[in-house]
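This report refers to the structure that appears directly beneath it.
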2 protein chains.
Amino acid sequence: MTDQSQACADACLVVSDVLARVGSKWSIMVVATLGRRPHRFNELKREIEGISQRMLTLTVRGLERDGLIVRTVTPTIPPRVDYALTDLGRSLLEPVSALGDWAIANRAAVERARQTFDADLGQS
Amino acid sequence: MTDQSQACADACLVVSDVLARVGSKWSIMVVATLGRRPHRFNELKREIEGISQRMLTLTVRGLERDGLIVRTVTPTIPPRVDYALTDLGRSLLEPVSALGDWAIANRAAVERARQTFDADLGQS
DNA sequence: CTGCATCCGCTACGATACTG
DNA sequence: CAGTATCGTAGCGGATGCAG
């Protein structure tokens, strides 16, 4: 392995680590939803259509563990739990938005590439 | 679902789609490696330590399908296959680098948050 | 050298039911 | 309301062997 690839491997491990969390199916939706305003557990569940209660729990746990969101418990009856972005979470929103802009700007190109690829596959 | 969350869901689906590809364990490494210069199949395999042949094949197929990399076959004996970024792939490198910078800049904060979280878990 | 096919374990995920 | 627990399944990903 070259020095250059070693340096890349080092950086890539960190980046992969972040991407493993941010890139997981639901994390980005939770972060984006909380980016608008804080939400309660079931508010998140309702707004993020299709997510199961289990996955929402696991997702917010992971995000909280990484310090991207905070979980505020109000021990009333019924209990109330609010989730909100931390400063760290908000700072993540910026590069993620950049990636989001890329995705939206190039969605057509990607879609075309896929159709071409799949079509050529049929000819082989 | 509100109009706002509907608009988010729409955008998030696209973003998730991109992240599902880019965020997969090996894709970013392949893109980053090809970002430096084109590589042959086994060059990639050697530089990206830990990747299995199967996953490298699947990863480059996926990236090729999405139009992010090109696969050039030279039918000699032994056969030679080169992979390189497309313009689309290079344009992706920019927002991904931004995310990479964030990851590197905040790796310590995330690591600290995790340790704190895990420590508090033991107390509960 | 570059891949594809097969087998197989593992874990992520969804559905459901139960608790404080 | 906000979870936890359990179970079943499906797909990811590694190891190996074969082919062009």
Side-chain angles (χ1 to χ4, degrees), chain A residues 12-13 16-17 19-30 33-34 38-66 69-84 117-118 120-124, chain B residues 12-13 16-17 19-30 33-34 38-66 69-84 117-118 120-124:
Chain A
C12 282
L13 281 179
S16 290
D17 190 46
L19 251 52
R21 171 137 332 285
V22 172
S24 83
K25 194 177 178 186
W26 302 110
S27 293
I28 193 180
M29 297 217 192
V30 172
T33 303
L34 292 181
H39 283 69
R40 297 181 54 175
F41 185 85
N42 273 8
E43 282 181 326
L44 284 173
K45 191 167 180 303
R46 272 191 302 273
E47 292 211 14
I48 304 175
E49 199 130 345
I51 193 170
S52 66
Q53 193 174 33
R54 173 192 162 81
M55 287 319 296
L56 181 54
T57 300
L58 291 178
T59 301
V60 293
R61 279 290 176 281
L63 292 172
E64 186 195 3
R65 187 172 109 96
D66 285 2
I69 69 178
V70 278
R71 179 169 170 274
T72 309
V73 181
T74 311
T76 55
I77 299 200
R80 174 193 180 98
V81 181
D82 287 275
Y83 293 92
F117 185 86
D118 293 348
D120 291 355
L121 222 59
Q123 296 177 358
S124 62
Chain B
C12 282
L13 282 180
S16 291
D17 190 48
L19 252 52
R21 169 135 337 281
V22 173
S24 83
K25 194 178 178 184
W26 303 110
S27 294
I28 193 180
M29 297 218 192
V30 172
T33 303
L34 291 181
H39 283 69
R40 295 183 57 176
F41 186 85
N42 271 10
E43 281 181 327
L44 284 173
K45 191 167 181 303
R46 273 191 301 273
E47 291 210 13
I48 304 174
E49 200 130 346
I51 193 171
S52 68
Q53 194 174 38
R54 172 192 164 80
M55 288 320 297
L56 181 54
T57 299
L58 291 179
T59 301
V60 293
R61 277 291 174 278
L63 292 172
E64 185 195 4
R65 188 172 108 95
D66 285 0
I69 69 177
V70 280
R71 180 169 170 273
T72 308
V73 180
T74 311
T76 55
I77 300 208
R80 173 194 179 99
V81 182
D82 287 275
Y83 294 92
F117 184 87
D118 293 348
D120 289 357
L121 221 61
Q123 296 177 358
S124 62

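Every chain is numbered from 1, with letters handed out A, B, ... down the list of sequences.
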TODO: Could you state the atom-to-atom distance from CG of A/Asp82 to P of D/dA2 in whole Å?
DONE: 8 Å

- [ ] Could you check if a side-chain atom of A/Asp17 sits within less than 4.5 angstrom of a side-chain atom of A/Arg21, using non-hydrogen atoms only?
- [x] no

Task: Gap between atoms CD1 and P, on A/Ile77 and D/dA2 respectively (whole Å) - done: 14 Å

- [ ] Determine: side-chain N/O of A/Tyr83 to OP1/OP2 of D/dC1, distance under 4.0 Å, yes or no.
- [x] no

Open item on the list: Can you tell me whether the side chain of B/Gln53 and the base of C/dG3 have a donor-acceptor pair closer than 3.5 Å?
Closed with: yes

TODO: Just compare D/dG3, C/dC1, C/dG3 and give me whichever is closest to any side-chain atom of A/Phe41.
DONE: D/dG3

Task: B/Trp26 to B/Glu49 - nearest heavy-atom pair and separation - done: CZ3-O, 4.2 Å

Task: Selected nucleotide, minimal atom distance to B/Ser52 side chain, candidates D/dG14, D/dA2, C/dT2 - done: D/dG14

So which protein N/O to nucleotides 7-12 of chain D N/O distances come out below 3.5 Å?
none

Task: d(CG, A/Leu44; C1', D/dG3) in whole Å - done: 14 Å

Task: Options D/dA2, C/dG14, C/dG3, nucleotide nearest the side-chain atoms of A/Trp26 - done: C/dG14

- [ ] Answer yes or no: is there a side-chain heavy-atom contact under 4.5 Å between A/Val22 and A/Ser27?
- [x] no

Task: Rounded distance in Å - NZ (A/Lys45) to C1' (D/dC1) - done: 12 Å

Task: Nucleotide D/dG13, atom P - distance to CG of B/Leu58 in whole Å - done: 9 Å

TODO: Please state how far atom CD1 in A/Ile51 lies from atom C1' in C/dA15, giving the value in whole angstrom units.
DONE: 15 Å

Task: Candidate nucleotides C/dC1, D/dA2, C/dC4, ranked by approach to the side chain of B/Thr57 - the nearest - done: C/dC4

- [ ] May I have the distance from B/Glu43 (atom CD) to C/dT2 (atom C1'), rounded to whole angstrom?
- [x] 13 Å

Task: Nearest to side-chain heavy atoms of B/Pro79, which nucleotide of D/dT4, C/dG14, C/dT2 - done: C/dT2

- [ ] Kindly give the heavy-atom pair with the smallest separation between A/Pro78 and A/Thr76, and that separation in Å.
- [x] O-OG1, 2.8 Å

- [ ] Heavy atoms only: give me the nearest A/Tyr83-A/Leu44 pair and the separation to one decimal.
- [x] CD1-CD1, 4.1 Å

Task: pair A/Leu58-A/Arg61: side-chain heavy atoms closer than 4.5 Å - done: no

TODO: Would you tell me if any nitrogen or oxygen in the side chain of A/Arg61 comes within less than 4.0 Å of OP1 or OP2 on D/dT4?
DONE: yes

TODO: For residues B/Asp66 and A/Phe117, determine if any side-chain heavy atom of one lies less than 4.5 Å from a side-chain heavy atom of the other.
DONE: no

TODO: Mind calculating the distance between CG (B/Leu56) and P (D/dA15) to the nearest angstrom?
DONE: 14 Å

